[in-house]
Amino acid sequence: MRSFAILLFLAGALHLFLQVPIIIAGCGALALWVLWKLKWVILGILGLEMLFGGGDSGSDA
């Protein structure tokens with residue numbers, strides 16, 4: 001129930017402050033909420049890539 005309240009707050013804030021339609025604000029709020037829930041997965045993937053390198057060593061001849 002708390003997650004739903006957070007989604008409603010985010011959608012309302014996007015709708016009121018950015019003056020976007022409520023449908024777009026709701027989709028944006030849902031996207032931000034999903035990213036927030038996946039933050040540790042995203043940070044873990046970025047951290048592993050930084051730790052082990054992404055194959056771009058910068059030594060192009």
Side-chain angles (χ1 to χ4, degrees):
M1 190 65 171
R2 191 173 92 190
S3 295
F4 185 68
I6 292 171
L7 278 177
L8 283 177
F9 175 76
L10 281 175
L14 288 173
H15 176 65
L16 291 174
F17 294 124
L18 298 179
Q19 297 295 313
V20 295
I22 194 68
I23 297 296
I24 297 172
C27 292
L30 181 63
L32 288 174
W33 181 77
V34 167
L35 285 175
W36 181 258
K37 290 296 181 180
L38 292 175
K39 69 180 174 188
W40 295 115
V41 173
I42 294 168
L43 287 173
I45 290 170
L46 291 176
L48 287 174
E49 182 163 343
M50 290 176 71
L51 184 64
F52 294 114
D56 185 25
S57 61
S59 61
D60 294 335

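Scope of the values below: all heavy atoms of this structure, side chains included, with no hydrogens, waters or symmetry mates.
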Please set out all donor-acceptor pairs under 3.5 angstrom arising from side-chain atoms of residues 6-30, sequence neighbours excluded.
residue, atom, partner, partner atom, Å
H15, ND1, V20, O, 2.7
Q19, NE2, L16, O, 2.7

Item checked: Other ILVMFWY residues reachable from W40 by side-chain steps of under 4.5 Å -> L43

Checklist line | Connected hydrophobic set around W36, excluding itself, where side chains approach under 4.5 Å | finding: none

